[in-house]
Amino acid sequence: LLNEAAIVAARRDKKEISISEVEYALDRITVGLEKRTGVSSKKRQVFVSYHEAGHAVAGALSPGFDEVGKVAIVPRTNGASGFTLF
């Protein structure tokens, strides 16, 4: 994780790794890179938004479940149209 964060920091011409680089590296490792080409239609983005919101609400209302850490609707290279991290 920190090696990936160090690579990102170097690409950004930074001398130190910040939380921003660690978060980027964590996303890259766990859910893949952001897809920049072939971005889905507005209708698909709305659908994915509702879908991921459902995951977040279900998790938030489930007793003893981890807190929602992040919700994203950006398509990823692993095939996910969005994701919810707990």
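We find the CG-CG distance between L2 and L26 to be 10.5 Å, quoted to the nearest 0.5 Å. Taking CD from E4 and CD1 from I17, the interatomic distance works out to 10.5 Å, rounded to the nearest 0.5 Å. The CG atom of D66 sits 11.0 Å away from the CG atom of L85 when rounded to the nearest 0.5 Å. Going from atom CD1 of I29 over to atom CG of L1 covers 5.0 Å, rounded to the nearest 0.5 Å.
Residues R76 and K35 have side chains not in contact (no heavy-atom distance under 4.5 Å, counting atoms from C-beta outward). F83 is listed as a side-chain neighbour of K70, based on a closest heavy-atom distance under 4.5 Å.
In terms of modelled atom types and a separation under 3.5 Å, the side chain of E23 and the main chain of S20 share no donor-acceptor contact. Between the T77 side chain and the L33 main chain, a donor and an acceptor come within less than 3.5 Å of each other.
Using cut-offs of 30° and 60° on the angle between ring planes, the pair H51 and H55 is perpendicular.
F65 meets the ring-ring contact (aromatic ring centres under 6.0 Å, His included) test with F86; sequence neighbours excluded.
Residues A80 and N78 approach most closely at N-OD1, 2.9 Å, considering heavy atoms. In terms of heavy atoms, A25 sits closest to A5 at CB-N, 3.6 Å. When all heavy atoms of A56 and V68 are compared, the closest pair comes out as O-CG2, 3.7 Å.
More than 12 heavy-atom neighbours from other residues, nucleotides or ligands sit within 6.0 angstrom of CZ on R12.
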